[in-house]
Amino acid sequence: MKKIFNVSGDCKPELHYMVELSGRLEQMKEMVDAGQYFTVNRARQYGKTTTLRALEQYLKAEYTVISLDFQTLDADKFENGDTFSRAFAKYFLQTLSYTKEGKEEKLKEELAELKAASQDKTAGFSLFELFMCLSNLCAVSVKPMVLLIDEVDSASNNQVFLDFLAQLRGGYMNRDRRPTFQSVILAGVYDVKNIKRKIRPEDAHKMNSPWNTHGGNEESGSLLTFDDCPWDQKECTPFDIAADFLVDMSFSPKDIEGMLNQYEADYHTGMDVPQIAKLLYDYTSGYPFLVSRLCKLMDERLPEREDFPDISAVWTQKGVVEAVGLLLSEKNTLFDSLTGKLTDYPELKAVLYTLLFQGQKILYNPDNEAISTALMFGFVRVEGNSVIVANRIFETRLYNLFLTDPEVQNSDIYRASFQSMNQFIRNGHLDMKRVLEKFVLYFHDLYGDQNQRFYEEDGRRYFLLYLRPIINGTGNYYIEAQTRNMERTDVIIDYNGEQFVIELKIWRGDAYHSRGEEQLRAYLDYYHLDKGYMLSFNFNKKKTPGVREIQIGEKVLIEAVV
């Protein structure tokens, strides 16, 4: 059967091209061996389910793994402790019955007890009773039991979910007194240590970390209310039992190389595997869905296009750039989810806008809820103690989203670009010098009397707003992360196989400007280009706006001043 690049559901080695997971699985097994409880929290479509299913197989030789998915439980099953306990017991019994361990005699007896108790309609079946049965199962199991729950946050709007987590915590704290799971692994987008972001505002009284919660309630019968609890639940200081999960689940360039080597062994495209892997990584920063989606577009969509007469032409830098353009223009579940989060969490929009357009450096602060939320949903990452947008794809998609706001598109500069955009393309080539000349003209006429603050905060936004209609549909752009700040931003444009580097600067005097020219020359060397562009926002009233050409060594610099 022909393998494919998969972006729907979990990946299976026999069906899909995959990265090698053994290193990650070994790290996770070490945590299980140590008896740790931990959470696997990553953004949507980050490979959580694929990794967890692989981990289940990886642990089977030494452990009895109970793998559940809370997304399959109906919402009404979380109505109260009794309803949830019965539903959980049924799911648990079903799952364990599929394993050979479920046929062991002593385990069968305890399973029968659990089944009988959960099906007895004449009596209640609380979380307390459920966990007593689970403890008995752990006691007679030949292999230590591991509980693995995927999509755990799908239930997190419910009090019973918090009570369930309290039970798990209580079992862990009392593991020297009564049998319990060797390890518990919970996976989802929302970190259960920060579950307050998922709970409804009217449920503010539930906002304690469930790993640290002290009691549950009388109905749930939390293990933390046992008479032999070693602390006074009203007085003790809560502490977190969830171990830090530091396994890197993103794809490294080497990971991507391994996946591409599998493909190359099947198709013999002649691609430069390390080069293509690095390009894919540069655009995605290893976000699993984005890497796989780009590969899928190259494999399935590009061969249909005139520019790519055969598969060898696809797996090139031009093919990667073309696939990036297709990805940025499509609707998919990941992008829909990101857009939805901006509506659900308004504070995200302000943080991202500051990062994208104002170039302000945002230091990582774990107590800043907007930053923590942006990290949890995968919008940003922390690099060198600073917060940056997670990858080029997200960044460009967010720029496009902000720049298509109806209020923005009604601006004079956008209309000027839209009306004159045809004059910038000559024989399929983008005339970047002409773009800068017209931008300087329109910008000076429209905003020339603005103050310094306007130039610093809005200048780059108006240039990108002017640029977007010109390259839309044929080209794309991104911002070089290493140079994005209040004073300098480098825009990289890919258009019809050509690349342009444009440095956007705030004028800080002649000496600083000269250093900028040298920086741009070094940057052109990096991109193997002979011509570069600089757009300087100069708030000096005595400036002379316009465009000039400068020779710097063997390089040509087209400089525009507004």
Name the orientation class of the two ring planes belonging to Phe84 and Phe88 (parallel below 30°, tilted from 30 to 60°, perpendicular beyond 60°).
tilted

Aromatic centroids of Phe181 and Tyr63 separated by under 6.0 Å:
no

Heavy atoms of other groups near Lys115 NZ, more than 12 under 6.0 Å
no

Drop me the distance from Leu352's CG to Phe394's CZ, to the nearest 0.5 angstrom.
11.0 Å

Met132 vs Arg178 side-chain heavy atoms within contact, under 4.5 Å:
yes

Taking only residues two or more places apart in sequence, or in another chain, which ones meet Lys90 in a salt bridge (Lys or Arg N to Asp or Glu O under 4.0 Å)?
none

When rounded to the nearest 0.5 Å, the distance separating CZ of Phe125 from CG of Leu127 is 9.0 Å

Could you tell me how the ring of Phe402 sits relative to the ring of Tyr353: parallel (under 30°), tilted (30 to 60°) or perpendicular (over 60°)?
perpendicular

For Arg86, check salt bridge (Lys or Arg N to Asp or Glu O under 4.0 Å) against everything at least two apart and list the hits.
Asp82

Name of the residue among Phe377, Phe289, Tyr287 meeting ring-ring contact (aromatic ring centres under 6.0 Å, His included) with Tyr46:
Tyr287

Other residues, nucleotides, ligands: >12 heavy atoms within 6.0 Å of Arg53 CZ
no

Member of Thr49, Thr72, Thr51 meeting the side chain to side chain donor-acceptor pair (under 3.5 Å) criterion with Asp150:
Thr49

Describe, in one word, how the ring planes of Tyr263 and Tyr17 are oriented to each other, choosing from parallel (under 30°), tilted (30 to 60°) and perpendicular (over 60°).
perpendicular

Could you measure the distance from the CG atom of Leu25 to the CD atom of Gln57? Nearest 0.5 Å is fine.
10.5 Å

Roughly how far, to the nearest 0.5 Å, is CD of Glu110 from CG of Asn136?
4.5 Å

Gln45/Thr333 under side-chain hydrogen bond (donor to acceptor under 3.5 Å, both in side chains): CA gap, chis, key distance, verdict
CA-CA 9 Å; Gln45 295 181 288; Thr333 53; 3.1 Å; yes

Could you tell me whether the side chain of Thr95 and the main chain of Tyr91 form a donor-acceptor pair under 3.5 Å?
yes

